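Residue numbers start at 1 and run along the sequence shown. Just so it is clear, the values below take in all heavy atoms, side chains as well, and ignore hydrogens, waters and symmetry mates. Just so it is clear, the structure is predicted and the values come from calculations on it, not from any experiment.
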Amino acid sequence: MEKTSLLLLCLVSLLCCTTNQARLTVSPSSSQLFEGDSVSLSCEEDDSSAGWTVRRNTTKRRSSQCGVKWGKPAGSSCSISLTVPWDSGVYWCESRDGATSNNISITVTGGAVILQSPVLPVMEGHDVTLHCKTKTSNLPAAFYKDGSLIRTEPTGHMTIHHVSKSDEGLYKCDISSHGESPPSWISVTGEPTTTAPPTASTTPPLTFRLVCHLVVFCPYFISTLLMVSLYRHRPTGNDSAVSVATPPPTQAEQGLDDDYDDITTEHQF
């Protein structure tokens with residue numbers, strides 16, 4: 001009994017100490033913003049009672065909470081209506097107990113060109129599109145990775161198909177006569193492993209399984225019926241005894257008997 005109580009206490013302690021995690025999302029989903037743009041950051045949490053808030057590290061202030069000299073908090077969200085370059089930094093969610101979410105880097109530039117790239121890691125094998133743009137229009141742009149030219153796109157956006165770990169790196173773009181964007185790091189994460197559902201070849205059809213059950217069950221059922229039938233028709237002690245009838249003597253046999261009686265009578269003295 002004591003061991004059972006101790007085990008239950010340990011399980012309850014583990015459940016109580018489990019921390020619900022949160023995930024930080026950004027709208028618009030871009031790691032670079034023009035000065036004066038608005039941005040909204042939200043903590044997507046499993047437990048709203050954990051008290052998740054948005055925090056950030058910048059060059060001017062470290063680990064400051066939304067609502068303290070920057071941003072407008074609304075529950076577990078935070079919005080910045082007019083961004084400025086010193087809003088550039090690393091943002092994350094933090095609970096009342098000190099648990100933290102993923103980090104997101106945001107760059108606010110006063111320049112004329114930005115590179116719109118994913119704020120979250122890209123899943124390996126997926127496609128990713130980078131947009132090089134000015135405040136007013138999309139123009140032909142040259143894209144660079146780790147300082148080396150990849151190619152020039154006339155539409156101002158470039159798609160990388162089937163992303164792999166080798167595509168991870170520091171990207172930037174350049175629009176002629178307008179300038180280049182700040183650099184942004186693109187991370188690539190591995191595809192999560194999942195257990196594949198059973199295929200049709202590994203799972204027998206319902207009809208096949210039913211036939212198998214019938215094939216196994218029918219011999220037992222038939223043999224049981226035969227045994228019951230034989231048991232019900234077995235002979236019992238109450239049955240009438242078989243009588244053996246002796247046929248009556250014929251006329252010749254009757255004559256022999258009469259002659260035998262006469263002979264016996266004549267020899268009597």
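When all heavy atoms are compared, the tightest approach of Glu153 to Arg151 is OE2-NE, 2.5 Å. For the residue pair Thr152 and Pro154, the shortest heavy atom distance occurs at O-CD, 4.0 Å. Taking both residues in full, the closest heavy atoms of Cys173 and Val113 are given as SG-CG1, 3.9 Å, listed atom of the first, atom of the second, then distance. Considering every non-hydrogen atom in both Glu168 and Ile186, the closest pair reads CG-O, 3.0 Å.
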Pair Ser63, Arg55 - check side-chain contact (heavy atoms from CB on, under 4.5 Å), show working.
CA-CA 6 Å; Ser63 191; Arg55 306 182 74 89; 3.4 Å; yes
Going through the checks in order, is the side-chain contact (heavy atoms from CB on, under 4.5 Å) test met by His178 and Leu139?
CA-CA 10 Å; His178 285 76; Leu139 299 171; 3.4 Å; yes
Check against side-chain contact (heavy atoms from CB on, under 4.5 Å), Leu170 and Lys145:
CA-CA 6 Å; Leu170 199 63; Lys145 175 181 179 287; over 6 Å; no
Test side-chain contact (heavy atoms from CB on, under 4.5 Å) applied to Ile80 and Ser38, step by step
CA-CA 6 Å; Ile80 305 174; Ser38 61; over 6 Å; no
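Shown here is Trp185, whose CH2 atom has more than 12 heavy atoms of other residues, nucleotides or ligands within 6.0 Å. In Lys69, the NZ atom is not crowded: 12 or fewer heavy atoms of neighbouring residues, nucleotides or ligands sit closer than 6.0 Å.
In the hydrophobic cluster analysis, where Ile, Leu, Val, Met, Phe, Trp and Tyr join through side-chain heavy atoms closer than 4.5 angstrom, Leu41 is grouped apart from Trp92. Linking ILVMFWY side-chain heavy atoms closer than 4.5 Å, directly or via other members, places Phe143 and Ile175 in two distinct hydrophobic clusters. One hydrophobic cluster, built from ILVMFWY side chains closer than 4.5 Å, holds both Val26 and Val54. Cluster membership for Phe34 and Val39, using ILVMFWY side-chain heavy atoms within less than 4.5 angstrom, is not shared. By the rule that hydrophobic residues join a cluster once side-chain heavy atoms approach within less than 4.5 Å of another member, Val108 and Ile104 end up as members of one cluster.
Applying the salt bridge (charged side-chain N to carboxylate O under 4.0 Å, His left out) test to pairs two or more places apart or on separate chains, those with a residue in residues 169-185 are Lys172-Glu180. Residues in residues 71-83 take part in these side chain to side chain donor-acceptor pair (under 3.5 Å) pairs, two or more places apart or across chains: Ser42-Ser77, Glu45-Ser76.
Contact check on Asp87 versus Arg56 returns a salt bridge, with a Lys/Arg side-chain nitrogen under 4.0 Å from an Asp/Glu carboxylate oxygen.
Using a 30° and 60° split on the angle between ring planes, Trp70 and Tyr91 fall in the perpendicular class, above 60°.
Defined by atom type and a distance below 3.5 Å, a donor-acceptor pair is missing between the side-chain atoms of Ser27 and Ser40. Side chains of Thr53 and Glu94: no donor on one and acceptor on the other come within 3.5 Å.
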Using atom types as modelled, flag every donor-acceptor pair under 3.5 Å from a side chain in residues 114-128 to any protein atom, sequence neighbours excluded.
residue: Ser117; atom: OG; partner: Ser31; partner atom: OG; Å: 2.8
residue: Asp127; atom: OD1; partner: His162; partner atom: N; Å: 2.8
residue: Asp127; atom: OD2; partner: His161; partner atom: ND1; Å: 3.4

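Between Leu130 and Thr159, every side-chain heavy-atom pair lies at or beyond the 4.5 Å cut-off. Side-chain contact between Thr100 and Trp52 is absent, with no heavy atoms from C-beta onward closer than 4.5 Å. The closest side-chain heavy-atom distance from Ser184 to Gln32 is below 4.5 Å.
Taking CD from Glu44 and SG from Cys93, the interatomic distance works out to 9.0 Å, rounded to the nearest 0.5 Å. Atom OG of residue Ser181 and atom NE2 of residue His131 lie 13.5 Å apart, to the nearest 0.5 angstrom. To the nearest 0.5 angstrom, Asp167 atom CG is 12.0 Å from Ser187 atom OG. Note that OG1 of Thr58 is 12.0 Å distant from CD1 of Ile106, once rounded to the nearest 0.5 Å.
Looking at Ser64, its side chain never comes within 3.5 Å of a backbone N or O of Arg61 through a donor-acceptor pair.
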